[in-house]
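The sequence lines fix the lettering, A, B, ..., with proteins before strands; numbering per chain opens at 1. Note that this is a predicted model, so its numbers are computed, not measured.
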Amino acid sequence: MLTTRPRGTNDILPGEVEKWQFIENEARKVSRDFGYQEIRTPIFEHTELFLRGVGETTDIVEKEMYSFFDRGKRNITLRPEGTASTVRAFLENKLFAEPQPTKMYYIGPMFRYDRPQAGRYRQFHQYGVEVFGSHHPSVDAEVIGLACTYLEKLGLSGIKVHINTVGCPECRPQHHVNLLKYFEDKKDKLCNTCQDRMAKNPLRILDCKNSTCQEISISAPTTESSACSECKGHFQQVLNYLEILEVNYLVDPKLVRGLDYYTHTAFEILVQGIGAQSAICGGGRYNGLIEQCGGKPMPGIGFAMGLERLLLTLNNEKVNLTGLLSNPEIYIAVTSPKAQELSFRLAMELRKKGISTEKDYFEKSLKAQMKAADRFDVKFTLILGEEELANNKIIVKEMATSEQKEIPIDDILSYLERGLLKND
RNA sequence: GUGGGUGUGGCGAAGUGGUCAACGCACCGGAUUGUGGCUCCGGCAUUCGUGGGUUCAAACCCCAUCACUCACCCCA
């Protein structure tokens with residue numbers, strides 16, 4: 001073999017691709033039901049979009065971007081997430097001039113240079129939604145409710161939403177101060193990375209997996225406790241709306257998100273049994289992002305769902321995704337070279353009528369062709385040979401019952417149409 | 001970037017120094033002359049990720065390298 005697929009990428013093969021089509025179609029349906037329209041943005045953007053949009057100090061920007069110079073010496077990056085591109089398209093195409101809010105969704109590949117592991121790939125796929133233009137807490141709840149509805153429609157039960165408020169530019173500095181004050185005298189006990197986090201981003205100490213760090217964090221000041229009254233109020237209302245939607249949520253004071261742009265509401269949907277990467281959906285509010293990208297101040301909120309992780313979960317939960325495969329309905333077996341042309345034309349006519357039809361491509365024995373027909377699990381096998389050709393007839397064998405009849409060739413189309421209708 | 005595990009035919013998998021590299025599944029062919037699903041028979045790796053070394057002899061030992069995989073960081 002010349003080479004293999006690049007590390008962290010996957011071929012989605014026949015048999016698997018039907019599942020993708022299914023979950024993508026369901027995403028489109030649910031999005032439409034909630035009033036979201038699809039947007040398709042380029043898979044690569046100018047690097048500066050992500051530098052500003054995602055945040056210079058995030059891991060994504062610092063070590064995970066697929067960036068390169070194109071032949072025109074432009075600095076280009078394969079998109080690592082969907083929100084920045086959506087905001088850019090919103091501004092560039094002046095969608096803000098339309099009636100607000102703007103509710104959009106996207107489905108497509110994203111790229112991050114990570115070490116692959118279960119549920120993490122260098123090219124992965126996300127279904128995401130974004131709402132621009134409204135601060136209203138019901139929007140936060142709607143977006144979360146949309147994610148839950150989608151997952152439930154796919155057959156996942158017991159969805160649990162973890163939710164928190166990460167504050168706003170007004171109160172976040174105060175929270176940092178409170179955290180630093182709290183951790184100051186305990187610094188020696190923290191793990192090395194958390195000691196670094198003291199300086200860089202003390203918020204992240206809260207979700208460190210080191211057990212002593214966790215113990216220390218238990219009684220750390222929560223974001224909610226340091227939140228300003230506006231943030232608190234917003235958060236309470238979001239929770240209230242979630243209850244109206246009967247969304248099963250858990251306030252998780254330790255939930256923080258790694259992207260710089262989040263404000264107020266942050267949430268994740270976690271599942272078990274698919275490895276260490278258990279968040280299949282993450283999102284939150286980003287009220288500063290549109291302005292950050294050069295627009296007028298305008299609030300926004302959204303989520304992104306990892307489709308590989310979703311598929312892993314559906315698989316793990318034994319959600320039935322079978323029956324998505326479509327087998328041919330008819331197999332045409334040919335036993336005489338003379339019958340080849342007629343059978344070929346017949347196959348084409350059936351296909352044009354919307355009757356999916358398979359045939360042999362090797363001039364195999366009838367036995368072998370019957371075997372193939374059986375494997376395709378067709379309803380009828382047509383047999384065409386010298387005798388049939390001579391009599392202007394064709395044998396129709398119903399595979400399930402093994403019954404077979406001779407039908408005049410001229411009547412075969414209508415005969416099959418009736419026969420296929422009978423059991424559908 | 002760091003650490004662990006694994007690499008034998010299309011897939012699963014035995015074999016840990018000494019004839020032809022088990023077996024199962026899948027695939028292909030056949031079991032009297034034109035018919036599937038069961039059964040039976042036959043076929044299917046000059047070769048054990050790759051390169052080098054040790055040895056009379058290596059899939060099995062050593063070194064290197066690559067790939068896959070899981071985990072950390074972080075995220076979907």
(Q) Check the phosphate of B/G34 against A/Gln404, side-chain N and O only, distance under 4.0 Å to OP1 or OP2. Yes or no? (A) no
Q. Looking at the side chain of A/Asp114, which of B/A76, B/G37, B/C72 is the nearest nucleotide?
A. B/A76
Q: Name the nucleic acid region contacted by A/Gly275, choosing base, sugar-phosphate or nothing; use a 4.0 angstrom heavy-atom cut-off, strictly under.
A: sugar-phosphate
Q: Give A/Leu307 one of three labels, base, sugar-phosphate or nothing, depending on what nucleic acid heavy atoms sit under 4.0 Å from its own.
A: nothing
Q: Assign A/Ala118 to base, sugar-phosphate, or nothing according to its heavy-atom contacts below 4.0 angstrom with the strands shown.
A: sugar-phosphate
Q) What integer distance in Å separates A/Glu363:CD from B/G29:C1'? A) 17 Å
Q | Separation between the C1' atoms of B/U8 and B/A14, rounded to whole Å | A | 10 Å
**Q.** C1' gap between B/C63 and B/C25, integer Å
**A.** 37 Å
**Q.** 5' precedence on RNA chain B between A/Ile274 and A/Gly306 (nearest-nucleotide basis)
**A.** A/Ile274
(Q) Give me the distance, rounded to whole Å, that separates B/C48 from B/U35 when you measure between the P atoms they each carry. (A) 44 Å
Q: State yes or no: are the ring centers of A/Phe303 and A/Tyr127 separated by less than 6.0 Å?
A: yes
Q: Tell me which nucleotide among B/U35, B/U69, B/C28 gets nearest to the side chain of A/Lys364.
A: B/C28
Q. Tell me: CZ of A/Arg120 to P of B/C73, nearest whole Å?
A. 9 Å
Q) How long is the line joining NZ of A/Lys367 and P of B/G30, in whole Å? A) 8 Å
Q. Touch check for A/Glu387, heavy atoms < 4.0 angstrom, all strands: base, sugar-phosphate only, or nothing?
A. base
**Q.** Value in whole Å for how far the P atom of B/G29 lies from CG of A/Leu366
**A.** 12 Å
Q: Scan A/Tyr127 against the nucleic acid and name what it touches under 4.0 Å (heavy atoms): base, sugar-phosphate only, or nothing.
A: nothing
**Q.** Atom P, compared across B/G9 and B/U47: separation rounded to whole Å
**A.** 12 Å
Q.
Mind checking if A/Ile383 touches a base, just sugar-phosphate, or nothing, with heavy atoms under 4.0 Å?
A. base
Q.
Tell me whether A/Glu403 is salt-bridged to A/Lys397, with the criterion being a basic N under 4.0 Å from an acidic carboxylate O.
A. no
Q. A/Arg7 side chain: which of B/A76, B/U69, B/U35 is closest?
A. B/U69
Q) Does A/Thr9 reach the main-chain N or O of A/Arg5 with its side chain, forming a donor-acceptor pair under 3.5 Å? A) no
Q.
What contact category does A/Glu388 fall into here, base, sugar-phosphate, or nothing, at under 4.0 angstrom with non-hydrogen atoms?
A. base
Q. Expressed as a whole number of Å, how far does the P atom of B/G3 sit from that of B/C20?
A. 41 Å
Q) So what does A/Ala372 touch, heavy atoms closer than 4.0 Å: a base, only the sugar-phosphate, or nothing? A) nothing
Q.
Can you check the distance between B/U6 and B/C44, where both ends of the measurement are the P atom (answer in whole Å)?
A. 33 Å
Q) Taking the six-membered ring of A/Tyr113, is the NZ or CZ of A/Arg122 close enough (under 6.0 Å from the centre) and on axis enough (within 45°)? A) yes
**Q.** Whole-Å gap separating P (B/A31) and NZ (A/Lys371)
**A.** 11 Å
Q: Let me know, please, whether A/Arg115 or A/Lys397 comes out on the 5' side of the other along RNA chain B by nearest nucleotide.
A: A/Arg115
Q | Side-chain N,O (A/Arg375) to OP1/OP2 (B/C27) below 4.0 Å | A | yes
Q: Assign A/Gln369 to base, sugar-phosphate, or nothing according to its heavy-atom contacts below 4.0 angstrom with the strands shown.
A: nothing
Q) Hey, are the side chains of A/Val378 and A/Glu358 touching, using non-hydrogen atoms and a 4.5 Å cut-off? A) no
Q: Take atom C1' in B/G49 and the same atom in B/G5, then report the distance between them in whole Å.
A: 16 Å
**Q.** Check: A/Lys393 main-chain N/O paired with A/Asn391 side-chain donor or acceptor under 3.5 Å
**A.** no
Q) Could you give the CE-to-C1' distance, from A/Met399 to B/G37, as a whole number of Å? A) 8 Å
Q. Have A/Glu130 and A/Thr83 got a donor and an acceptor in their side chains that come within less than 3.5 Å?
A. yes
Q.
For the P atoms, the ones on B/G30 and on B/G53, what distance do you get once it is rounded to whole angstrom?
A. 48 Å
Q: In whole angstrom, give the distance that lies between atom CD of A/Glu64 and atom P of B/A76.
A: 10 Å
Q: Just grab all the salt bridge (charged side-chain N to carboxylate O under 4.0 Å, His left out) pairs involving residues 8-27 of chain A, residues at least two apart or on different chains.
A: A/Glu16-A/Lys19, A/Glu26-A/Lys29
(Q) Could you spell out the base pairing of RNA chain B as a dot-bracket line? Use Watson-Crick and G-U wobble contacts where both distances are under 3.5 Å, [ ] for crossing pairs, | for partners on a different strand. (A) ((((((((.[[[..)..(....]]].(((((.......))))).....[[[[[..)....]]]]])))))))....
Q. With a 4.5 Å heavy-atom cut-off, do A/Leu416 and A/Ile330 have their side chains touching?
A. yes
Q: Please state whether the phosphate of B/A71, meaning OP1 or OP2, lies under 4.0 angstrom from any side-chain nitrogen or oxygen of A/Gln117.
A: yes
(Q) Can you confirm if the aromatic rings of A/Tyr36 and A/Tyr105 lie within a centre distance of less than 6.0 Å? (A) no
Q: For A/Asn10 and B/A76, give me the distance from atom CG to atom C1', rounded to whole Å.
A: 14 Å
